Amino acid sequence: KDQSIRPLWEYETLGQISGSPNLVGDNLLVGSYDNSMYTFQAQTGRKTGQFETGYYINGAAAVCHRYMMFGGCDSWVRVVDVTTGETVLLEDYAEQCGQVSFSRDGSVAYTTSDGLTILRGADKTHYPLGFYTNIAALSPDGRTVALSNADGQPCVMALADGRLTRLSDQPDMFNPKWSPDGKKAVFECDDNRMYVFDLPSGRMYCLGNGFEPVWLNGNEIVYSCSEYRNGDVFAFEGISIRTSAFDGTCQRVLLPASMEC
């Protein structure tokens, strides 16, 4: 293990943390299964806010300027001004509500029950899907969403006409994330692998084992990887942090496995 890489700070919540942290200015945001969304000063770890909800928060907050938006397992979609703490509910109670995503122009996408909602300023457009999906990721230009269908197959939807295009027959995919240039999307899968879809070429690339991928740029991804002894999932040896090119080449380890992760 590289002893030169050390955590700046630590904070223990009262529940599991499943979603990736995000940033608004110098505030780091992270949700917990203790029903709260926390904000911390990123460099010092000083807690600057705690926003309580009615149930687990198992996803990451979407951010735009000084605002964060997130859906929780209490089935409400919220937008919070991180600087003032003011909270607004975007929808009435729904049996299911998904995570929130932004485009560069501030448009917003989120799912409730069996539909997708797009907010552009004061205009709200609803797209019936016929199924529930937890995450519908809005592309950087705000024209397309990436999502999984009822079978977990990866799809994209053109918002101009609502046309849904399946990218692969591979089932059980989830958590789509767009590259900054909007030309690629990475999905996680229940087989513990990650898959990148290059939309201009129509090609699919398997990156191998990993989870919680984040695009560094249009061609490179950083992600977490569980380490097991001889491939035995009952012999857990920690989590490493790695990077990969979008096509699965040039993989390297940034932070070796640690049982503390």
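Sequential numbering from 1 along the given sequence is applied to the chain's residues. This is a predicted model, so every value here is computed, not measured. All values below were derived from every heavy atom in this structure, side-chain atoms included, with hydrogens, water molecules and symmetry-related copies excluded.
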For the residue pair [X] and [Y], what are the closest heavy atoms and their distance?
X	Y	value
S32	G15	OG-O, 3.4 Å
M173	S148	O-OG, 2.6 Å
Q41	N27	N-OD1, 4.5 Å
S139	D141	OG-OD1, 2.7 Å
N209	C225	O-SG, 3.8 Å
A137	P176	CB-O, 3.5 Å

- Applying the 4.5 Å side-chain criterion to the ILVMFWY set and letting contacts propagate, would W178 and L216 be lumped into a single cluster? no
- Message: Please determine whether residues I17 and L14 belong to a single hydrophobic cluster, defined as Ile, Leu, Val, Met, Phe, Trp and Tyr linked transitively by side-chain heavy-atom distances below 4.5 Å.
- Response: no
- Query: What do you reckon, is CD of E12 surrounded by more than 12 foreign heavy atoms closer than 6.0 Å?
  - Reply: no
- Message: For R120, I'd like to know if atom CZ has over 12 heavy atoms of other residues, nucleotides or ligands within 6.0 Å.
- Response: yes
Would [X] and [Y] count as having a side-chain donor-acceptor pair, cut-off 3.5 Å?
X	Y	value
R242	S244	no
E212	S224	no
T39	T48	yes

4.5 Å side-chain heavy-atom contact, [X] and [Y]:
X	Y	answer
Y33	T13	no
K177	V214	yes
L199	L167	yes
I135	S101	no
L29	Y38	no
Y11	V30	no
D191	D172	no
P154	Y195	no

So, does [X] use its side chain to make a donor-acceptor pair with the main chain of [Y] at under 3.5 Å?
X	Y	answer
T111	Y132	no
D247	T249	yes
T53	N35	yes
E52	S36	no

Going from [atom1] on [X] to [atom2] on [Y], what distance comes out if it is rounded to the nearest 0.5 angstrom?
X	Y	atom1	atom2	value
F197	C155	CZ	SG	9.5 Å
D190	F174	CG	CZ	5.5 Å
T243	R252	OG1	CZ	4.0 Å
K183	D198	NZ	CG	9.0 Å
Q99	I57	CD	CD1	9.0 Å

- Going by side-chain heavy atoms closer than 4.5 Å, which hydrophobic residues are tied to Y223, directly or by a chain of links? V186, M194, V196, Y205, L207, W215, I221, F246
- Item | Transitive ILVMFWY cluster of Y127, excluding itself - 4.5 Å side-chain cut-off | L116, I118, L129, F131, L138, V145, L147, M157, L159, L164
